[in-house]
*Asks:* 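Could you have a look at this structure, given as structure tokens, before my questions?
Being a predicted model, the structure only gives us computed values, none of them experimental. Residue numbers run from 1 in the order of the sequence given.
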Amino acid sequence: MATELEELIGFLSSPSPPVKKIAVDIVRDYTGSEDGLESLGKYSNVVLPSLSRLLGEEKVVSEPAAQALVNLSQKPELAGKMVEMHMVRTSMETLYKQDCEIISLLIMLLVNLTQLDAGIDSLLQSADEKMHGLYVMKLVRSFCSSSCDGKVDPFEHVASVLVNISKKEHGRKLLLDQKRCLLKQIVRNDSKSLLRKRGVAGTIRNCCFEAENQLQNLLLISEFLWPALLLPVAGNKVYSGEDTLKMPLELASALSIEREPVTDPEIRVQALEAIYLLILQEAGRRAFWSVNGPRILQVGYADEDDPKAMEAYERAGSLLIQESGLDEELTETSS
């Protein structure tokens, strides 16, 4: 005899819209608690496909179905089952259907699914040579064209998806592929959204782990890369003409005037870690000197009060000690 929960899950496939609506709302509410997640997890082979089928319906049904899937996907074992049943493909196909009303929820689902290696592979379409990277290209295009500061921004969680996929080598290689120019598009994203800023900084930092083998590709976008990395760590000072004379125009212009400081220390740490990875390479250090990067580190360090960020400044500065004595100046500033 079926349990109440089994009967409830069965109603998700009811031909009656009102019954289906009530059932999906109750299932969604179940996923709001740990006990509910555990109970539904026992019927994952039935409940996950049933919820997946509802994603293409009207918003009154698709929204609670997507909310339930987002909650369920926080459990790694359930997220793994979703990946196996091609939930990444379902999410992407639904996401780009005309008039999709659950974009933000679908992307949040992708964030959870790409916590898993299998989810990353599925989003990268690694098994299909012809389609490889298409999903990511679509997401990057939407992410970079939809920034709506102060308004609803349905694609802002793509920032977290990009961080997830760039944690893996094959994800970084896709973003650094010069034919696709994906990282260049990401770096140029200008938004006041903290989620977007953190995602861009984290993605750049992760991609810089490829600096040893792909430094040339990274430096090809230096016009956008150095401002993205150096402006967050430049401190609050208006720089002198002597300092900015040695900088490219995009940096000099921004640092010659009063500007809004980057108050989030996580972004500063990510930027400094990326700089460190770049200047580990001799050509990276030369490029850093060419934009007067060491001076920016000095000024930024003087304004810094976050312990982790200060440590990141010092770590980057230590690589330049033999060339400039910069590390000694950082140490003197901190004492």
*Asks:* Side-chain heavy atoms under 4.5 angstrom apart, residues restricted to Ile, Leu, Val, Met, Phe, Trp, Tyr: same cluster for Leu134 and Phe143?
*Replies:*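 Not linked; separate clusters.
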*Asks:* Would you say that Leu106 contacts Leu110 through its side chain, given a criterion of any heavy-atom pair below 4.5 Å between the two side chains?
*Replies:*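 The answer is no; the side chains never approach within 4.5 Å.
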*Asks:* When you measure from the side chain of Glu6 to the backbone N and O of Thr3, does any donor-acceptor pair fall under 3.5 Å?
*Replies:*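 Confirmed, Glu6 side chain pairs with Thr3 backbone.
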*Asks:* Using the side chain to side chain contact (heavy atoms under 4.5 Å, CB included) rule, take Arg141 and Lys138 through it: C-alpha gap first, then chi angles, then the decisive distance, then the call.
*Replies:* CA-CA 5 Å; Arg141 183 170 61 245; Lys138 284 185 173 183; 3.7 Å; yes
*Asks:* Go through the steps to decide whether Leu124 and Val136 satisfy the test side chain to side chain contact (heavy atoms under 4.5 Å, CB included), and finish with yes or no.
*Replies:* CA-CA 6 Å; Leu124 294 176; Val136 176; 3.7 Å; yes
*Asks:* So which heavy atom on Ala201 is nearest to which on Ile267, and how close?
*Replies:*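 Result for this residue pair: CB-CG2, 4.2 Å.
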*Asks:* Which atom names give the shortest non-hydrogen contact between Ala79 and Ser73, and what distance separates them?
*Replies:*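 Closest pair (atom of Ala79, atom of Ser73, distance): CB-O, 3.5 Å.
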*Asks:* For the residue pair Lys308 and Pro265, establish whether any side-chain heavy-atom pair is separated by less than 4.5 Å.
*Replies:*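 SC-SC contact between Lys308 and Pro265 ruled out.
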*Asks:* Are the side chain of Ser142 and the backbone N or O of Leu139 linked by a donor-acceptor pair below 3.5 Å?
*Replies:*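 A pair under 3.5 Å: no.
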*Asks:* Mind checking the CG-CD spacing from Leu176 to Glu169? Nearest 0.5 Å is all I need.
*Replies:*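 These two atoms lie 10.5 Å from each other.
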*Asks:* Parallel, tilted or perpendicular, judged at 30° and 60°: which one describes the rings of Phe288 and Trp226?
*Replies:*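 It falls in the tilted class, 30° to 60°.
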*Asks:* Should we say atom NZ of Lys184 is surrounded by more than 12 heavy atoms from elsewhere, each under 6.0 Å from it?
*Replies:*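 For Lys184, atom NZ is not crowded (no more than 12 foreign heavy atoms under 6.0 Å).
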*Asks:* Please round to the nearest 0.5 Å and tell me the distance separating atom CD of Glu156 and atom CE of Met108.
*Replies:*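 Going from the CD atom of Glu156 to the CE atom of Met108 covers 9.5 Å.
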*Asks:* Quick test of your reading of the model: are Asp264 and Lys197 salt-bridged, counting only N-O distances below 4.0 Å?
*Replies:*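 The answer is no: the pair does not qualify as a salt bridge.
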*Asks:* Locate the shortest heavy-atom distance separating Ala234 from Tyr239; write the atom from each residue and the value.
*Replies:*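 Here Ala234 and Tyr239 meet closest at O-OH, 2.7 Å.
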*Asks:* Surrounding CD of Glu311 (heavy atoms of other residues, nucleotides or ligands, distance under 6.0 Å), is the total greater than 12?
*Replies:*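 It does not: Glu311 CD has 12 such atoms or fewer within range.
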*Asks:* When clusters are formed by joining ILVMFWY residues with side-chain heavy atoms under 4.5 Å apart, either directly or through shared neighbours, do Val262 and Ile186 land in the same one?
*Replies:*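 As far as the 4.5 Å side-chain criterion goes, Ile186 and Val262 are not connected within one cluster.
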*Asks:* Do Ile296 and Leu251 come within less than 4.5 Å of each other through their side chains, counting heavy atoms only?
*Replies:*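 Heavy-atom side-chain distance check passes, below 4.5 Å.
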*Asks:* Under a 4.5 Å side-chain heavy-atom rule over Ile, Leu, Val, Met, Phe, Trp and Tyr, are Leu255 and Val238 clustered together?
*Replies:*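 Different clusters: Leu255 never reaches Val238 through Ile, Leu, Val, Met, Phe, Trp or Tyr contacts under 4.5 Å.
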*Asks:* Let me check something: do Leu272 and Val163 share a hydrophobic cluster, defined by ILVMFWY side-chain heavy atoms less than 4.5 Å apart, either directly or through other members?
*Replies:*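 No, no single cluster joins them.
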*Asks:* Can a donor-acceptor pair be found, under 3.5 Å and without considering hydrogens, that links the side chain of Asp121 to the backbone of Ser126?
*Replies:*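 It does not hold such a pair.
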*Asks:* So how far is it from Glu304 CD to Glu314 CD, rounded to the nearest 0.5 Å?
*Replies:*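 Reported to 0.5 Å precision, the distance equals 10.0 Å.
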*Asks:* Quick one, Leu8 and Val27 - any side-chain contact, counting heavy atoms below 4.5 Å?
*Replies:*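 Result yes, sub-4.5 Å side-chain heavy-atom pair found.
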*Asks:* What are the two closest non-hydrogen atoms of Gly80 and Leu116, and how far apart are they?
*Replies:*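 Nearest heavy atoms, Gly80 then Leu116: N-CD1, 3.4 Å.
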*Asks:* As an exercise, state the distance from OG1 of Thr90 to CZ of Arg53, rounded to the nearest 0.5 Å.
*Replies:*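 Those atoms lie 10.5 Å apart.
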*Asks:* Looking at Arg196 and Ala159, what are the two nearest heavy atoms and their distance?
*Replies:*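 Of all heavy-atom pairs spanning Arg196 and Ala159, the closest is CA-CB, 4.0 Å.
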*Asks:* Check whether Ser52 reaches the backbone of Pro49 with its side chain - one donor and one acceptor, N or O, closer than 3.5 Å.
*Replies:*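 It does not hold such a pair.
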*Asks:* Do the side chains of Val46 and Leu69 join up, straight or via other hydrophobic residues, at under 4.5 Å, putting them in one cluster?
*Replies:*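 Shared cluster, yes.
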*Asks:* Any side-chain heavy atom of Asn217 sitting closer than 4.5 Å to one from Leu183?
*Replies:*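 Side chain of Asn217 against side chain of Leu183, heavy atoms only: no contact under 4.5 Å found.
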*Asks:* Could you pull out all donor-acceptor pairs under 3.5 Å where a side-chain atom in residues 273-282 meets a protein atom, sequence neighbours excluded?
*Replies:*
residue	atom	partner	partner atom	Å
Glu273	OE1	Arg205	NE	2.9
Glu273	OE1	Arg205	NH2	3.4
Glu282	OE2	Arg286	NH1	3.4

*Asks:* In plain terms, say whether Asp177 and Lys173 are close enough for a salt bridge, that is, a side-chain N and a carboxylate O under 4.0 Å apart.
*Replies:*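 Salt bridge between Asp177 and Lys173, a charged N being under 4.0 Å from a carboxylate O: no.
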*Asks:* Answer yes or no: is there a donor N or O on one side and an acceptor on the other, between the side chain of Ser290 and the main chain of Ala287, under 3.5 Å?
*Replies:*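 Indeed, once roles are kept as given, a pair shorter than 3.5 Å links the two residues.
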*Asks:* Can you tell me how far CG of Leu175 sits from OG of Ser166, rounded to the nearest 0.5 angstrom?
*Replies:*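 One finds 6.5 Å between OG of Ser166 and CG of Leu175.
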*Asks:* Look at the side chain of Arg172 and the backbone N and O of Ile165, then say whether any donor-acceptor pair between them is shorter than 3.5 Å.
*Replies:*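 No; zero donor-acceptor contacts below 3.5 Å.
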*Asks:* Where the side chain of Asn292 meets the backbone of Asp243, is there a donor-acceptor pair that is under 3.5 Å apart?
*Replies:*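 Looks like yes, one N/O pair under 3.5 Å.
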*Asks:* Quick check: do Arg198 and Glu266 have side-chain heavy atoms less than 4.5 Å from each other?
*Replies:*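 Yes. Closest side-chain heavy atoms under 4.5 Å.
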*Asks:* Let me confirm one number: the NZ-CZ distance from Lys246 to Arg295, rounded to the nearest 0.5 Å.
*Replies:*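 Reported to 0.5 Å precision, the distance equals 9.0 Å.
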*Asks:* With Leu174 as reference, evaluate Arg180, Gln125, Lys168, Met137 under the side chain to side chain contact (heavy atoms under 4.5 Å, CB included) test and give the passing residue.
*Replies:*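 Among Arg180, Gln125, Lys168, Met137, the one that satisfies the side chain to side chain contact (heavy atoms under 4.5 Å, CB included) with Leu174 is Arg180.
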*Asks:* Measure across Val70 and Leu105 and return the closest heavy-atom pair with its distance rounded to 0.1 Å.
*Replies:*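 Heavy-atom minimum between the residues: CG2-O, 3.4 Å.
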*Asks:* Within the structure provided, determine whether Leu5 and Lys42 are in side-chain contact (heavy-atom separation under 4.5 Å).
*Replies:*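 SC-SC contact between Leu5 and Lys42 ruled out.
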*Asks:* Quick check: are there more than 12 heavy atoms from other residues, nucleotides or ligands sitting under 6.0 Å from CD of Glu58?
*Replies:*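 At most 12 heavy atoms, drawn from other residues, nucleotides or ligands, come within 6.0 Å of this atom.
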*Asks:* Looking only at atom types and distance, does a side-chain atom of Thr31 sit under 3.5 Å from a main-chain N or O of Arg28, one as donor and one as acceptor?
*Replies:*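 Present.
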*Asks:* State, with a plain yes or no, whether a side-chain heavy atom of Tyr96 is found less than 4.5 Å away from one of Ile103.
*Replies:*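 They are not in side-chain contact.
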*Asks:* Tell me, with the steps shown, if Arg89 and Ser122 meet side chain to side chain contact (heavy atoms under 4.5 Å, CB included).
*Replies:* CA-CA 8 Å; Arg89 184 179 65 193; Ser122 184; 5.8 Å; no
*Asks:* Could you check Tyr313 against Val233 for side chain to side chain contact (heavy atoms under 4.5 Å, CB included), going step by step and ending with a plain yes or no?
*Replies:* CA-CA 9 Å; Tyr313 275 104; Val233 301; 3.4 Å; yes
*Asks:* Does Glu260 come within less than 4.0 Å of Lys192, counting only side-chain N to carboxylate O?
*Replies:*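 Looking at Glu260 and Lys192, the cut-off is not met.
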*Asks:* Around atom CD of Glu38, are there more than 12 heavy atoms of other residues, nucleotides or ligands at under 6.0 Å?
*Replies:*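 It does not: Glu38 CD has 12 such atoms or fewer within range.
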*Asks:* Is the side chain of Asn164 donor-acceptor paired with the backbone N or O of Val111 at a distance under 3.5 Å, no angle test?
*Replies:*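 Yes, because the side chain of Asn164 sits within donor-acceptor range (under 3.5 Å) of the backbone of Val111.
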